[in-house]
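Take a look at the structure below.
Note that the structure is a prediction, hence the values are computed from the model and not measured. Below, read A as the first sequence line, B as the second, and so on, with proteins coming before strands; counting in each chain starts at 1.
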2 protein chains.
Amino acid sequence: MAVTLKDVAERAGVSRSAVSRTFTAGASVSDKMRRKVEKAARDLGYSPNALASSLTTGRTKLIGLVSDNFHNPFFLEIFDLFTRALQDRGLRPLLLNLSGETNPKNAVRMMQQYSVDGVVVASSTLPPSFAQIFGQAGIPVVHAFGRRSSEPQVHVVDIDNIECGRMAARTLMARGYTHVAFLGGPESATSTQDRYTGFVSEMAKHPQITTSYSFASDYSFDAGHREMRRLLAAGPAQAYFGGDDVISIGALAAMQEHGLRVPEDIGIIGLNDMAMARWQNINLTTIHQPIRDIVSSSVDLMTSLLTDEDRHPESRIFSCHVVERGTLRPKHTAQAF
Amino acid sequence: MAVTLKDVAERAGVSRSAVSRTFTAGASVSDKMRRKVEKAARDLGYSPNALASSLTTGRTKLIGLVSDNFHNPFFLEIFDLFTRALQDRGLRPLLLNLSGETNPKNAVRMMQQYSVDGVVVASSTLPPSFAQIFGQAGIPVVHAFGRRSSEPQVHVVDIDNIECGRMAARTLMARGYTHVAFLGGPESATSTQDRYTGFVSEMAKHPQITTSYSFASDYSFDAGHREMRRLLAAGPAQAYFGGDDVISIGALAAMQEHGLRVPEDIGIIGLNDMAMARWQNINLTTIHQPIRDIVSSSVDLMTSLLTDEDRHPESRIFSCHVVERGTLRPKHTAQAF
DNA sequence: GCAAATTATGCAACCGGTTGCAAAAAAGGA
DNA sequence: TCCTTTTTTGCAACCGGTTGCATAATTTGC
């Protein structure tokens with residue numbers, strides 16, 4: 001069925017090594033030889049078996065793409081970018097969906113069995129320890145949307161979540177709100193924790209402003225909706241910092257159902273700036289994450305790791321900015337309250 | 001670095017074949033031997049190299065998952081289901097994102113280089129010829145969300161798009177609308193064509209009802225929004241059958257911006273029943289696609305193909321049903337018009 | 001208890017490539 | 001032109017497994 005190197009060698013009347021060499025960049029082959037081999041290969045429709053070659057070269061060009069965020073539309077954008085970035089560099093993404101089980105040992109074994117060259121963990125909810133396990137198993141790993149650390153065990157590419165928390169706090173205050181609140185994602189996620197820390201630290205400077213805190217059970221519409229309903233029943237704040245866009249959209253829906261006008265009666269700012277935030281019927285004011293940069297930087301980092309085995313763990317942190325849309329009242333009306 | 005079969009063999013003091021055998025199901029090994037080998041393997045942390053074994057067995061357990069729908073949130077649900085279904089059966093999804101280029105030859109070569117056992121094309125927009133090319137290259141292929149054919153070249157799992165078109169038409173008529181319209185997806189997609197065919201065929205039975213047709217440029221919010229704005233300016237119908245949910249949501253946004261109340265002033269029915277259709281601020285009446293069944297059936301079919309090489313091409317068609325939500329006026333108010 | 005039948009094990013070849021090494025061919029120098 | 005240097009080429013071993021076959025060890029039957 002499949003045509004092999006041997007077939008090409010026979011047809012071209014040369015040795016197998018000669019064929020192998022014409023297909024490996026930088027090998028020593030004369031032009032005459034190369035032409036002969038290429039013709040034979042073309043005639044037979046040969047293309048080298050990447051897996052067989054990996055056996056000797058030790059490189060499969062397979063990259064594990066592992067995530068557990070398969071319910072947040074934001075991550076479709078991320079998967080799109082990752083798969084394309086990897087493909088553009090001649091790497092192939094081997095997808096690992098961790099939604100069901102979360103036994104890291106298992107995940108590592110799967111990746112080992114397929115001798116992936118590296119793993120990119122794309123998740124804001126998997127714990128840092130998860131990425132580390134790959135590293136301990138000797139697999140190069142970069143954790144995109146992971147938490148940076150002063151003692152990094154693993155390469156991390158992320159936004160500055162603490163600064164985002166502060167930025168959200170400052171933004172709400174600049175709008176003149178006097179009772180604001182943090183409506184975070186799951187408390188177990190480092191992204192939630194850091195955004196919380198930043199938000200708290202900024203609000204601490206302004207004791208005259210009432211602040212409250214709560215958390216949605218996960219990064220999803222339903223969790224945001226549910227939590228906001230609870231808050232509305234209990235007596236809501238004037239404006240919220242939502243855990244992420246999808247939580248914020250859930251919260252927004254709850255506000256509207258409750259008969260509140262946004263941004264007149266109540267406001268919210270999200271985080272991510274996913275495509276959907278721009279949709280005219282959502283029009284969410286939010287903090288933009290530069291995912292193109294995060295992804296391309298992650299993949300660049302990964303390619304460096306492939307050549308430069310034990311590089312010192314590095315954190316690449318990108319900054320974010322507020323995107324003004326329609327869910328927070330404008331600055332100049334601040335005095336109206 | 002990596003511990004190999006040879007290492008285990010040496011530590012256990014047995015031959016390499018013995019080790020190989022204890023790790024291949026159904027091979028002949030005594031209990032004593034198995035225990036000895038398993039201990040050694042455990043001590044060393046050995047796990048067999050799937051790629052090396054594929055060289056002799058001819059099976060990689062790698063399945064190419066190819067799609068070009070990386071901008072429609074509906075497909076995140078599909079990728080989630082596919083990756084899990086494959087994983088559950090011991091298969092690994094090798095993702096191929098065709099959003100950029102669409103050269104089938106290239107796609108085939110990529111899959112061949114990694115000797116995937118099969119390919120599942122998960123796309124409602126790639127042409128049938130695309131899936132066929134894999135088949136011609138000798139790779140088992142199932143096209144999920146592809147078009148069924150009376151002369152199938154390739155295994156297909158899908159819904160009955162023609163019947164869905166009819167169902168939408170019947171649903172709109174049952175609501176008493178007298179001017180209805182089809183707001184399809186991209187005309188080049190077979191899914192659009194079939195839904196159109198069904199819609200037309202049903203409406204043809206009711207010449208007294210005014211019917212019009214148009215198409216969005218792709219399955220996206222923006223395309224739906226843009227097309228609906230155009231229609232609103234030109235004078236809209238009373239109710240629409242949207243190309244899919246995301247197009248419908250775009251159209252819905254345009255309607256609301258135009259100051260129309262849904263479903264009082266204008267109605268729309270989508271297709272897919274993606275998670276978002278249930279969101280309270282969207283609440284889209286739509287036709288439900290049984291994606292869990294489609295996916296698990298696709299994967300089942302694929303696993304059969306792996307053992308039973310040249311099976312006759314088969315089409316598995318699932319039926320859909322209408323999910324009543326808030327974007328179509330209820331049946332009993334039909335007389336009000 | 002012994003021969004025959006059955007099951008376990010190891011040897012060696014193979015899967016589809018790559019690569020160090022030595023021999024052959026081509027190029028360069030005088 | 002002949003010798004030295006450089007480039008090409010093929011041989012053979014190897015990557016990490018699997019598997020047919022022959023032999024060794026067990027089990028079974030009587």
Side-chain angles (χ1 to χ4, degrees), chain A residues 1-38 40-41 44-62 90 109-117 138, chain B residues 1-38 40-41 44-62 90 109-117 138:
Chain A
M1 172 83 270
V3 20
T4 77
L5 172 148
K6 185 159 139 254
D7 303 326
V8 178
E10 278 167 6
R11 175 174 247 262
V14 301
S15 75
R16 293 162 56 224
S17 351
V19 180
S20 173
R21 287 193 178 103
T22 70
F23 283 95
T24 53
S28 159
V29 232
S30 66
D31 286 358
K32 182 149 43 90
M33 170 68 80
R34 155 155 285 127
R35 270 193 298 276
K36 239 192 321 189
V37 171
E38 278 175 348
L44 265 40
Y46 169 75
S47 78
N49 180 329
L51 268 24
S53 73
S54 81
L55 212 42
T56 35
T57 61
R59 311 224 89 79
T60 53
K61 286 170 176 276
L62 246 28
R109 210 167 35 72
M110 284 186 193
M111 295 292 104
Q112 281 183 154
Q113 288 185 319
Y114 284 84
S115 347
V116 296
D117 288 347
Chain B
M1 172 82 269
V3 20
T4 77
L5 172 148
K6 185 160 139 252
D7 302 328
V8 179
E10 279 167 5
R11 176 173 247 261
V14 301
S15 73
R16 295 161 56 224
S17 351
V19 180
S20 173
R21 288 193 177 101
T22 68
F23 283 95
T24 53
S28 157
V29 232
S30 67
D31 285 359
K32 182 150 43 89
M33 170 67 81
R34 154 156 285 126
R35 270 193 297 278
K36 239 193 317 188
V37 171
E38 278 174 348
L44 265 38
Y46 169 75
S47 77
N49 181 330
L51 268 23
S53 73
S54 81
L55 213 41
T56 34
T57 61
R59 309 225 90 80
T60 53
K61 288 170 175 273
L62 246 27
R109 208 165 38 72
M110 284 185 193
M111 294 293 104
Q112 281 183 153
Q113 289 185 319
Y114 284 84
S115 347
V116 296
D117 287 349

Separation of C:dA25 atom P from A:D31 atom CG, nearest Å, is 19 Å
Taking B:R21 for the side chain and B:S28 for the main chain, is one N or O donor matched with an acceptor at less than 3.5 Å? no
Heavy-atom nearest nucleotide on DNA chain C taken for A:T4 and for A:K32; more 5' hit belongs to A:T4
Rounded to the nearest angstrom, tell me the gap between atom CG in B:L5 and atom P in C:dT9. 15 Å
Flag, side chain of A:T60 to backbone of A:S115, donor-acceptor distance under 3.5 Å: yes
Return yes if the base of C:dG17 and the side-chain atoms of A:R21 contain a donor-acceptor N/O pair under 3.5 Å, otherwise no. no
Taking CZ from B:R35 and P from C:dA8, how many angstroms apart are they, rounded to a whole number? 13 Å
Less than 4.0 angstrom between a side-chain N/O of B:S28 and OP1 or OP2 of C:dT9, yes or no? no
Regarding B:V29, tell me which of base, sugar-phosphate or nothing describes its non-hydrogen contacts under 4.0 Å with the strands shown. sugar-phosphate
How long is the span from the CG atom in A:N49 to the CG atom in B:L51, to the nearest 0.5 Å? 9.0 Å
Just by distance, do the side chain of A:T57 and the backbone of A:S53 share a donor-acceptor pair under 3.5 Å? yes
Is B:R16 side chain donor-acceptor paired with the D:dG17 base, going by distance under 3.5 Å alone? yes
Nearest-Å distance, CD (B:E10) to C1' (D:dG16)? 13 Å
Approximate separation, where rounding is to 0.5 Å, of A:T4 OG1 and A:E10 CD: 8.0 Å
Nearest whole Å is fine: how far is C:dG16 C1' from B:Q113 CD? 14 Å
Neighbours of DNA chain D within residues 46-56 of chain A, by heavy-atom distance under 4.0 Å: A:L55, A:T56
Hey, does the side-chain of A:S17 have a donor or acceptor N/O within less than 3.5 Å of a partner on the base of D:dC11? yes
Report the distance from atom CZ of B:F23 to atom C1' of D:dT19, rounded to the nearest whole Å. 18 Å
D:dA24 C1' sits how many Å from B:M33 CE, rounded? 12 Å
Gap between atoms OH and P, on B:Y114 and C:dG17 respectively (whole Å): 13 Å
Show the numbers, then the answer: is there a side chain to side chain contact (heavy atoms under 4.5 Å, CB included) between A:Y114 and B:L62? CA-CA 9 Å; A:Y114 284 84; B:L62 246 27; 3.3 Å; yes
Minimum heavy-atom distance between A:V14 and A:K36, given as atom pair plus value: CG1-NZ, 3.9 Å
